[in-house]
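Some notes on the structure that comes next.
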Amino acid sequence: MSSLPLPVRVAAGLAATAVEQARKLPNTLLGLPVTLASQTLQASMRVQQHITELAIKGDEALAPLERPEEQPAWATFDEDLAEPDPAPEPQPAAEPATDPDAEPEVLGDYPNLSLPQLRGRLRGFSEEEIEALLAYEESHDQRPEYIRMLGNRLTRLRGE
């Protein structure tokens with residue numbers, strides 16, 4: 001055992017540790033950027049986790065104050081619409097109201113409409129306008145989905 005005082009022994013230990021660290025410094029400097037980036041990312045992720053936890057607690061605290069969101073009237077989906085039984089074949093009119101070869105006046109861009117676009121505009125048409133579109137579709141493009149949708153709408157209008 002040494003008879004030197006404690007502060008001298010502690011100072012000597014600090015000096016020895018400093019020399020050891022100075023010898024390891026070149027290797028430590030090479031890994032320093034990676035270590036700093038890693039520690040920064042870890043700290044960032046911890047902050048994000050804490051923020052998310054606070055947001056979840058805030059949502060839970062505010063939940064009783066919120067009114068339940070109602071489904072907007074314009075938000076209808078195919079599953080929400082009750083499909084009627086297959087529509088009977090439309091009865092041919094004695095005199096077609098419009099010339100089937102003529103472009104429908106109802107929609108100038110009707111031939112270019114997709115099925116969802118047509119579905120969105122269909123409720124605004126009268127029975128005569130839908131008859132004109134159906135006659136045009138049957139004489140030109142003959143797309144089954146369009147004919148079925150126009151026929152179903154026409155059946156609903158006649159039944160109302």
Side-chain angles (χ1 to χ4, degrees), residues 1-87 103-127 129-130 132-134 136-138 140-157 159-160:
M1 291 281 227
S2 175
S3 60
L4 295 174
L6 180 65
V8 173
R9 291 191 329 231
V10 170
L14 281 174
T17 303
V19 169
E20 287 175 0
Q21 293 298 324
R23 286 185 186 152
K24 294 179 184 177
L25 188 60
N27 291 335
T28 305
L29 287 176
L30 290 175
L32 189 62
V34 174
T35 303
L36 286 175
S38 171
Q39 290 175 348
T40 303
L41 288 173
Q42 286 176 356
S44 167
M45 290 177 69
R46 276 190 227 110
V47 168
Q48 289 176 356
Q49 286 175 342
H50 289 297
I51 289 173
T52 303
E53 288 173 3
L54 290 173
I56 291 171
K57 284 183 181 180
D59 288 344
E60 291 171 355
L62 296 174
L65 303 176
E66 292 181 10
R67 291 183 298 178
E69 186 175 327
E70 295 179 16
Q71 183 178 4
W74 55 264
T76 57
F77 300 97
D78 290 342
E79 299 85 35
D80 296 339
L81 299 175
E83 278 295 317
D85 293 333
E103 189 83 14
E105 294 179 19
V106 178
L107 277 181
D109 61 344
Y110 169 76
N112 301 323
L113 289 178
S114 68
L115 198 60
Q117 289 171 329
L118 178 60
R119 182 180 295 124
R121 299 180 186 183
L122 206 53
R123 292 184 185 252
F125 297 134
S126 67
E127 185 176 334
E129 292 169 329
I130 292 178
L133 290 174
L134 184 59
Y136 177 82
E137 185 65 40
E138 288 174 342
H140 286 86
D141 298 330
Q142 299 177 355
R143 297 173 286 191
E145 302 87 16
Y146 288 71
I147 292 173
R148 185 176 333 114
M149 186 171 56
L150 290 169
N152 288 345
R153 181 64 183 155
L154 194 56
T155 303
R156 284 189 196 123
L157 283 175
E160 290 178 355

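When a residue number appears, it is its place in the shown sequence, counting from 1.
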Can you tell me how far apart CZ (Arg153) and CG (Leu133) are? Round to the nearest 0.5 Å.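 Between atom CZ of Arg153 and atom CG of Leu133 there are 12.0 Å.
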
Supply the atom-to-atom distance Leu154 CG to Leu134 CG, rounded to the nearest 0.5 angstrom.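 One finds 6.5 Å between CG of Leu154 and CG of Leu134.
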
My understanding is that only residues two or more places apart in sequence, or in another chain, count here; which of them pass side chain to side chain contact (heavy atoms under 4.5 Å, CB included) with [X]?
X      : value
Val8   : Leu4, Pro5
Thr35  : Gln39
Glu145 : Leu115, Arg143

Going by side-chain hydrogen bond (donor to acceptor under 3.5 Å, both in side chains), name the residues that satisfy it together with Ser114, two or more places apart in sequence or in a different chain.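 If we apply the side-chain hydrogen bond (donor to acceptor under 3.5 Å, both in side chains) test to Ser114, skipping adjacent residues, the hits are Gln117.
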
Side chain proximity check, Leu122 to Leu150, heavy atoms < 4.5 angstrom: yes

Does the Thr155 side chain pair with the main chain of Gly151, one donor and one acceptor, at a distance under 3.5 Å?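 At least one qualifying donor-acceptor pair exists.
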
Can you see which heavy atom on Leu118 is nearest to which on Tyr146, and at what distance? CD2-CD2, 3.7 Å

Which heavy-atom pair separates Met149 from Arg119 by the least distance, and what is that distance?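 Nearest heavy atoms, Met149 then Arg119: SD-CB, 3.8 Å.
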
Compile the donor-acceptor pairs under 3.5 Å between side chains in residues 42-60 and protein atoms, sequence neighbours left out, one pair per line.
residue: Thr52; atom: OG1; partner: Gln48; partner atom: O; Å: 2.9

What side-chain donor-acceptor pairs closer than 3.5 Å can you find for residues 14-32, not counting sequence neighbours?
residue: Thr17; atom: OG1; partner: Gly13; partner atom: O; Å: 2.9
residue: Thr28; atom: OG1; partner: Lys24; partner atom: O; Å: 3.0

